Amino acid sequence: MSETEPLSLYVPEPEFRPGDTPDYSDVKIAAAGEVDRPALNAKADDIRELAYPIIRVLNRDGKAVGPWADMLSAEELREGLRDMLKVRAFDARMQMAQRQGKTSFYMQCLGEEAIATAFRKALKPGDMNFPTYRQQGLLIADDYPIVEMMNQIYSNGADPLKGRQLPIMYSSKKHGFFTISGNLATQFIQAVGWAMGSAIAGDTKIAAGWIGDGSTAESDFHSALVFASCYRAPVVLNIVNNQWAISTFQGIARGKAATFASRGLGFGIPSLRVDGNDYLAVYAVSKWAIDRARQGLGPTLIEHVTYRAGAHSTSDDPSAYRPKEESDAWPLGDPVERLKTHLIGLGEWSEERHTQTKAEIESKIVQAQKEAESHGTLHDGDKPLVRDMFEDVFEVTPPHLLAQRQEAGY
Amino acid sequence: MSETEPLSLYVPEPEFRPGDTPDYSDVKIAAAGEVDRPALNAKADDIRELAYPIIRVLNRDGKAVGPWADMLSAEELREGLRDMLKVRAFDARMQMAQRQGKTSFYMQCLGEEAIATAFRKALKPGDMNFPTYRQQGLLIADDYPIVEMMNQIYSNGADPLKGRQLPIMYSSKKHGFFTISGNLATQFIQAVGWAMGSAIAGDTKIAAGWIGDGSTAESDFHSALVFASCYRAPVVLNIVNNQWAISTFQGIARGKAATFASRGLGFGIPSLRVDGNDYLAVYAVSKWAIDRARQGLGPTLIEHVTYRAGAHSTSDDPSAYRPKEESDAWPLGDPVERLKTHLIGLGEWSEERHTQTKAEIESKIVQAQKEAESHGTLHDGDKPLVRDMFEDVFEVTPPHLLAQRQEAGY
Amino acid sequence: MIKAVNSALDNMMARDEKVVIFGEDVGYFGGVFRCTEGLQEKYGAQRCFDSPINESGIIGAAIGMAAYGMRPCVEIQFADYMYPGYDQLTQEAARIRYRSDHDFTAPMTVRMPTGGGIFGGQTHSQSPEALFAHVSGLKTVIPSNPYDAKGLLIASIEDNDPVIFLEPKRLYNGPFDGHHDRPITPWSKHELGDVPEDYYSIPLGKAAIRREGADVTVLAYGTMVYVAETAAEETGIDAEVIDLRTILPYDLETIQTSVEKTGRCVIVHEATKTCGFGSELMSLVQENCFYHLEAPIIRVTGYDTPYPHAHEWEYFPGPARVGEALKKVMEAA
Amino acid sequence: MIKAVNSALDNMMARDEKVVIFGEDVGYFGGVFRCTEGLQEKYGAQRCFDSPINESGIIGAAIGMAAYGMRPCVEIQFADYMYPGYDQLTQEAARIRYRSDHDFTAPMTVRMPTGGGIFGGQTHSQSPEALFAHVSGLKTVIPSNPYDAKGLLIASIEDNDPVIFLEPKRLYNGPFDGHHDRPITPWSKHELGDVPEDYYSIPLGKAAIRREGADVTVLAYGTMVYVAETAAEETGIDAEVIDLRTILPYDLETIQTSVEKTGRCVIVHEATKTCGFGSELMSLVQENCFYHLEAPIIRVTGYDTPYPHAHEWEYFPGPARVGEALKKVMEAA
Ligand SMILES: Cc1ncc(C[n+]2csc(CCOP(=O)(O)OP(=O)(O)O)c2C)c(N)n1
Ligand SMILES: Cc1ncc(C[n+]2csc(CCOP(=O)(O)OP(=O)(O)O)c2C)c(N)n1
Ligand SMILES: [Mg+2]
Ligand SMILES: [Mg+2]
């Protein structure tokens, strides 16, 4: 192109739109077992190349191979499978509850279940997550009561957050789950700040930040990297790259210009990519990063590569912007199926046990739902007190707000 | 370190503080001529390694060597030298004027003169810079009237900005110099937006963003990289790494954890480092990036490595936080001296011509100063009209503001 | 009202190739509220495109583009998400003209859905107009119906200064009187829902009297216009309802004329009370109509709490609360 | 006043090891206004350190740290530079307690120099207090003298909610009556410049009457307290000058008592007029003291323009303008 030819604006487009037949056969993905596992104290400069290939443990046959394998017992793997099944069943029920008008809004994590559930298992009690709205798996894998989650979703009389928050915006200090914000990315730097606090206090607790592929474009993503790098904060920074941000594909956030993991390179932060649909890989890589943090070796950036199999939220219909078949064509498979196959291959699981476990889990979820609904749903039954709308703005409600509450009659 | 040992916070410290003897002998700097010069359309992925070494043209003997040499004629080099001398003389006078109480504030660019002056020469008329407060060289190398700059600094009756702006916050569309903001980093993404506008309009003009090392920590630095990468905007993104941000060394902004240039790698933006005290190198690298932009090949990130030899501003005293000798110990030398030596080596300059030219330039600056002062200084002589304080808030002053102006009696 | 917004954008893109649209999900998909539907197809991806999720970037890029000479009209997905771009809006867009002695300008429009009423919780319900009004150099527009939305949006895009265009999302699908438990009236049944296809514009800075009345002036904008009308009907009080339409510059003349006539004033908005735009309106009335006032002016607003999810309708200043205020202001000596 | 701020920080760092200070240039150097001088040396770099230049990061990190259990007290170098952190401040810090039903909290203090008077131009002179007051969940404090600065800062750090602590930079080196052409009076000559070394605190939310008077109430804070006092002296009008000290929560009782006594009110601040905190004050007085008012309340404020460099003193609402308002409010029927 010569100097006098007119410029034009390049606008990235996804490879496939509705009507196209998605085909990922030319996508190169590292084979399971192929990527090195460096020492915990490896120098960031020496492991720059890890920011590009995808670390995988389960191969096509469901066998665990390579340096990141063999970290979990059969019982731990079964628990992982149960956690994922729970998340999936919970999502399905709540999705339906929203359609039935029992609440205003819901967000599932279909296809991404392995990430939060496996990560949670690598943490210790007292560690703190700063999640987005798609990490319900963190709570479920930590045995947070399903009923409480539903109460929050229903904004009912037993809602632990007193109806103040949009459904799924959980909060639980006890379960290491920071109050979810509606504003994207803000929590990423907060996670770093929490970790800095732990370091200043001479504690042994670490923090984990969570962010979506689309949200890495937000400025607070940058703040988090700058601060984490500067103070070597004991934090794991997780990017969940599920390929989509509502209707916008990851190319707009520059996930293909370079990997999201490679954002860490400019800050000397060790950065890895992992197959997010491989429970074993997610656990292994998370554990590596968590151990680094806890041993005072500083932050790690992890890109979990996955696919958002469902709609963005109950307000969204993805068929308007991507082919329906894209999810099935997606090359990394389904996390539940893959772990199930692995366990069966080990002789530690069977189709029958799977069917039975699934049924048990589903019936427990149904039971929990009944209990939650006995406290009301958004438009029916018990509600939080209106008076509570005026509380907790401050520790002590100031005179002007008291006056407003009284004027309102509560 | 074990898992139960208490964590602690790492706080980066510069190598030398007042009282220390600065010693940079162990700093590895690429020799002149050592770094490759890739094709304009090289793929970002193939030139990742360019984000680390420093591109240099002038060697220790003042000879121009390597693939980035031989781009400027002797006359162009002499003009470059004159530009730098002008900037330096201008800075010295204005610094003094501030001490004499003729204005409230001044910021010099001592030691960094090569960067803006050389960059300006690689641009074409109509291109637009989005500068910080330390790129006076852009105006001076484009022959913007020195008197106008002084009028602005004095907020006098002839101030082109009518006394509205802090001294040195120039603005000139004609000279491709966007209105300077007091808020750091905001201009970096604006430069990208301007470039996007040019691309959408099918124009051939390009934009250049400017930012300091410390300011790369700001969020708008990230916005700029995200947008520039996404739309392949015809923009050159310049980082001036002068090692210091007021009292804060570049380590806090993570300039040593990785290079500032390597920030571009996470976005697939070609990223280079250049010896900012080497006029020839700055010109060559700038031209490469500018040509890429103009040929529709997208953004380039350049880290200009230099040293802030003076105080941050007239409000600052660096002896409180860094050794006085650090500037002299700094390994990249003085840009004026280096270009002078080179020209003398070429037989195109001499000590006598240098002395004479310097004297001529200084006397022109003094003359300009006299002229400017005839229009007043901050506390003496002519002032802009107070009425103008109320103008240009909007294109048409709305009733409430008219009422305020009238009430104020103007 | 979505169609009206879309039609304004369509008209302006057709008339002026400098008009460029971008924002989160506005391109291929046409926006989460579908306001930009079909525009990418019609005008190409260079003039209507998706942006990264970065509000500071969206506004910062728009400023640069406007300085270049384009007329960007960007969307912030919810007004609640403009905060990361607040620096670029208030310290940059609003200041470019002043800083440069009009050598550079920032003719740009920032559209954002505003207000509550859709069970959006605290981050999909806010009304931040006061935060724009306090900053010199920004204009702020809030239409209350499709006809105005189109005409005011066209005027905003044509304006040579940055304009914040707040679209009350509760009005997207019909006028809303505050009775959330009643069926929705579609715009097709409202006279101001009838939007001509062609270009027309409505000047910024001019209020509209929606209901004439002799006893009390009600100052409102956006969704609250209908709530005020309903409260007047329901109480039977002869209220004059003024729809401000533009928050800044505000139309003091219309306000003053009305309050001097009625001698009483009620101000309603959905935003939190303290330092809301109602405080400015109350001050203006106090300063300019003091000797005509027969009773204290009353504000009816959202409470000084975040917008809660479950108690959305207790938070919302509905017809009952506005009606109470009308009665109270009439009873006062 | 710099010493008073430093002493408050020193006291709190000594008493409570959870108090941590960070911000741009606050560590080794001790801050561009030297408010944190000596603290890094005394308490170590883990408790007082330099931060990257990223205001959103500073506030975001402080939120996380506060949620962990620390009590961060961060500095934003100038109030004009808090805008990039406005999202974290208003949508996060201010909301953590409410969102989580007080399971998480954000006990943190954000110090920032505010106001003009040092020829700082439009980006070193702003007074953004109204932008905090409009947002539920934030407290905002503005001291007018060293004694208060220390006591209020200690109370702010001890508060379990986020507090914005605005330090009028024109007062750092002495009280300032608005006559910029007269020699500076140092704090050592002012009774409120005498600051005990030890710990003491002054409760947030309580105003102070700086000058008793019978004829008109002047509501002011920060630098404007002295300007108001001077205007009263110069006009000879028997004004009661109230120093609000805390903007939010405000001390309505003190305001109301005074205005009911005087029947007249003038409000002064340096910030731009429209939707400034003065509009809220005017509304409060109008709502609560309507029947006691003998004249329209008057606002004297900065103009609705950016703070200009050359015309700083024409912009600044000095004693002449405040005096005019006092005369006008006294002349009104
Ligand atoms: C500051 C801000 N801007 C915009 C939004 C609206 N929004 C909500 S989710 C979303 C997409 C996020 O995508 P991604 O980060 O990839 O996460 P995912 O939904 O895929 O898990 C957007 C734009 C928001 N919540 N906050
Ligand atoms: C948003 C914002 N935060 C803080 C400041 C105060 N400030 C002015 S210059 C400066 C240091 C900038 O350092 P750097 O980017 O390295 O540029 P340099 O001065 O070295 O050229 C700071 C902190 C500001 N102007 N704007
Ligand atoms: Mg996503
Ligand atoms: Mg610097």
Side-chain angles (χ1 to χ4, degrees), chain A residues 128 130 159-162 164-165 169-174 178-183 185-203 205 207 209 219-220 222-231 233 235 388-389 391-401 403, chain D residues 17-18 20 22 44 46-47 49-70 72 84-85 87-88 91-108 136-139 159-162 204-205 246 248-253 284:
Chain A
M128 185 62 67
F130 287 75
D159 174 2
L161 304 182
K162 300 190 175 142
R164 291 179 191 148
Q165 276 277 53
M169 300 271 175
Y170 318 105
S171 172
S172 170
K173 194 174 197 169
K174 194 175 147 202
F178 191 70
T179 158
I180 297 182
S181 176
N183 299 47
T186 49
Q187 73 285 351
F188 219 52
I189 171 68
Q190 292 165 4
V192 177
W194 196 98
M196 289 169 68
S198 178
I200 295 168
D203 201 342
K205 301 195 192 89
S219 297
D220 280 336
H222 178 70
S223 311
L225 293 188
V226 175
F227 278 71
S229 166
C230 183
Y231 305 109
V235 65
D388 280 332
M389 176 169 96
E391 299 296 320
D392 292 317
V393 178
F394 296 99
E395 184 180 36
V396 179
T397 304
H400 71 282
L401 200 48
Chain D
E17 56 177 31
K18 290 182 173 146
V20 172
F22 59 103
Q46 295 218 11
R47 293 192 54 210
F49 51 88
D50 289 327
S51 80
I53 304 176
N54 180 322
E55 292 75 13
S56 180
I58 293 170
I59 294 167
I63 292 169
M65 217 180 268
Y68 170 80
M70 311 301 274
D87 187 46
Q88 285 284 355
Q91 307 302 300
E92 300 292 326
R95 301 288 150 88
I96 301 295
R97 177 185 293 279
Y98 193 79
R99 256 163 46 186
S100 68
D101 194 44
H102 65 258
D103 194 21
F104 294 97
T105 56
M108 55 190 270
S136 55
L138 293 178
K139 294 184 180 175
D159 199 280
N160 287 326
D161 286 306
L204 307 187
T246 306
L248 202 107
Y250 48 77
D251 183 353
L252 181 58
E253 204 182 312
L284 289 171

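In what follows, every chain begins at residue 1, and chains take the letters A, B, ... in the order their sequences are listed. All values reported here derive from a predicted model rather than from experimental measurement.
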Per-residue contact mode, Lys139(D) against chain A (heavy atom under 4.5 angstrom): both

Closest-packed option against chain A by number of heavy-atom pairs under 4.5 Å, given Ile59(D), Leu248(D), Asp159(D): Leu248(D)

Options Gln46(D), Arg95(D), Lys18(D), ranked by heavy-atom pairs under 4.5 Å with chain A, top entry: Gln46(D)

Any Trp194(A) side-chain heavy atom under 4.5 Å of Phe130(A) side chain: yes

Pairs of heavy atoms under 4.5 Å with chain D: top-ranked of Asp203(A), Val192(A), Ile200(A): Ile200(A)

Pairs of heavy atoms under 4.5 Å with chain A: top-ranked of Pro249(D), Ser56(D), Gly44(D): Ser56(D)

Chain D contact via Lys162(A) - side chain, backbone, both or neither, heavy atoms under 4.5 Å: side chain

Side-chain heavy atoms of Arg97(D) within contact of Phe394(A), under 4.5 Å: no

Close side-chain approach of Asn183(A) and Asp87(D), heavy atoms under 4.5 Å: yes

Pairwise side-chain contact, Phe227(A) with Ile58(D), heavy-atom cut-off 4.5 Å (strictly under): yes

Part of Gln88(D) within contact of chain A (heavy atom distance under 4.5 Å): side chain

Partner chain D: residue of Pro398(A), Ser172(A), Ser181(A) with the largest heavy-atom pair count (under 4.5 Å): Ser181(A)

Donor-acceptor pair, side chain of Asp220(A) and main chain of Ser223(A), under 3.5 angstrom: no

Part of Asp161(D) within contact of chain A (heavy atom distance under 4.5 Å): side chain

Candidate pair Arg164(A) and Glu391(A), rule salt bridge (Lys or Arg N to Asp or Glu O under 4.0 Å), full reasoning: CA-CA 10 Å; Arg164(A) 291 179 191 148; Glu391(A) 299 296 320; over 6 Å; no

Largest heavy-atom contact set with chain A, pairs under 4.5 Å, which of Glu253(D), Arg47(D), Gln91(D), Arg99(D): Arg99(D)

Top contributor to chain D contacts, counting heavy-atom pairs under 4.5 Å, from Leu161(A), Val393(A), Val396(A), Thr186(A): Thr186(A)

Contact origin within Thr105(D) toward chain A - heavy atom pairs under 4.5 Å: neither

Heavy-atom contact with chain D under 4.5 Å, split by part of Glu395(A): both

Selection from Ser198(A), Ala233(A), Cys230(A), Gly182(A) maximising heavy-atom pairs under 4.5 Å formed with chain D: Ser198(A)

Part of Ala199(A) lying under 4.5 Å from any heavy atom of chain D: backbone

Close side-chain approach of Tyr250(D) to Leu284(D), heavy-atom, < 4.5 Å: yes

Ring centroid separation Phe178(A) to Phe104(D) under 6.0 Å: yes

Beyond-backbone contact of Met128(A) with Lys205(A), side-chain heavy atoms, under 4.5 angstrom: no

Residue part contacting chain A, namely of Asp251(D), when any heavy atom lies under 4.5 Å: neither

When Leu401(A), Asp388(A), Ile180(A) are compared by non-hydrogen pairs under 4.5 Å with chain D, the top option: Ile180(A)

Proximal component of Ala67(D), with respect to chain A [non-hydrogen, under 4.5 Å]: both

Tyr231(A) and Phe49(D) aromatic centres sub-6.0 Å: yes

Side-chain heavy-atom pair Thr179(A), Gln187(A) within 4.5 angstrom cut-off: no

